[in-house]
2 protein chains.
Amino acid sequence: MVPDTPDRLDDDIDAGIVRAVSHDARATLAELSAAVGLSVSAVQARLRKLETRGVITGYRALVDAESVGKPLAAFVEITPLDPGQPDNAPELLEHLAEIEACHSIAGDSAYMLLVRVASPRHLETLIRAIRSAASVNTHTTVVLQTFYENRPILPA
Amino acid sequence: MVPDTPDRLDDDIDAGIVRAVSHDARATLAELSAAVGLSVSAVQARLRKLETRGVITGYRALVDAESVGKPLAAFVEITPLDPGQPDNAPELLEHLAEIEACHSIAGDSAYMLLVRVASPRHLETLIRAIRSAASVNTHTTVVLQTFYENRPILPA
DNA sequence: GTTGAAACCGTACGGGC
DNA sequence: GCCCGTACGGTTTCAAC
């Protein structure tokens, strides 16, 4: 039996490109070229492919949350009030820009959110908005300090 | 009394630049210039300042975790075995590349980690490594599905 | 902040492996 | 198929204003 391709990286060069652009998304093709030892054209073609195949899904600036007025982060676990109802909480909450991430999880709660707000008062307002928008209970864990986050996901 | 600057964005134009580069970190200065209505040079100078002031701390490619062989994510809460000891768990764990984020938190546990691994077996190995490296108990919540994450932090 | 000129970069295309 | 080189238009950079 032929083994399935375990992931969508063709080879070590693709992995090197992903690593380099994960470390600095604004790196030029010339810099990426130097990093992996291929011509600029070849790197450009590979980068395009990585984007179209969905390996690279976008490019983001990392922004200091305090600098943009959102110094308070929290994990909010949510659970539907009525477990019988169809559950589309992620969609119902998508319009709330304070929510940075939404995962469904194993364990006591149904979803884990990561949120960022300006103050405890804003956190209270957001939690109320979450509860009423998605008909859920919430369990909130305040982040006291972030040591690191958004470390690059490196190809194995 | 003069109000303290609440954050480190000078004005709406800086906010616009941050928003634009958060949405697409590979946008050219010309594109950013068009987005905020300033000359290319002025945008470049502002972007540099935002970087040196620490408002923008870097640029990352968003990588599909499954495509690079890490389809399994989990939240790992950790608590020191001996609460009397000096606690430098974040440093002790920093060398583990599977850890994407480390926050200290309020509540039952001391820290919340976000980790990504290839399989349940790798998760077990990682949890053992975390326990022995930082002398902690762990409480793990597996991520079943990620609806969204890394949504941009927009200036208020 | 703006303009402008030189250096650099992104892109498409041709040819070779 | 993938890769490299070249050429042209767009971009980045920096100095002068």
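Because only heavy atoms are used, hydrogens play no part in the values below, and waters and symmetry mates are left out as well, while side chains stay in. Naming: A, B, ... by sequence-line order, numbering from 1 per chain.
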Donor-acceptor pair, side chain of B:Glu124 and main chain of B:Arg121, under 3.5 angstrom
no

B:Arg48 vs D:dT12: side-chain N/O to OP1/OP2 distance below 4.0 Å
no

Rounded to the nearest angstrom, tell me the gap between atom [atom1] in [X] and atom [atom2] in [N].
{"X": "B:Leu38", "N": "C:dT2", "atom1": "CG", "atom2": "C1'", "value": "10 Å"}
{"X": "B:Leu29", "N": "C:dA7", "atom1": "CG", "atom2": "P", "value": "19 Å"}
{"X": "B:Glu31", "N": "D:dG9", "atom1": "CD", "atom2": "C1'", "value": "15 Å"}
{"X": "A:Leu32", "N": "C:dC8", "atom1": "CG", "atom2": "C1'", "value": "15 Å"}
{"X": "B:Gln44", "N": "D:dT12", "atom1": "CD", "atom2": "P", "value": "8 Å"}
{"X": "A:Leu47", "N": "C:dG10", "atom1": "CG", "atom2": "P", "value": "10 Å"}

Judged by each residue's nearest nucleotide on DNA chain D, which is more toward the 5′ side, A:Arg26 or A:Val43?
A:Val43

If we count only N and O atoms by modelled type, under 3.5 Å, do the side chains of B:His122 and B:Thr125 hold a donor and an acceptor together?
no

Which listed nucleotide (D:dC3, D:dT13, D:dC2) is nearest to the side chain of B:Val40?
D:dT13

B:Ser39, nearest nucleotide to its side chain (from C:dT3, D:dC3, C:dG10):
C:dT3

Joint cluster assignment, B:Tyr111 & B:Val142, ILVMFWY side-chain distance < 4.5 Å:
yes

May I ask you to verify whether the side chain of B:Ser41 and the base of D:dC14 hold a donor-acceptor pair under 3.5 Å?
yes

B:Asp11, CG: over 12 other non-hydrogen atoms inside 6.0 angstrom
yes

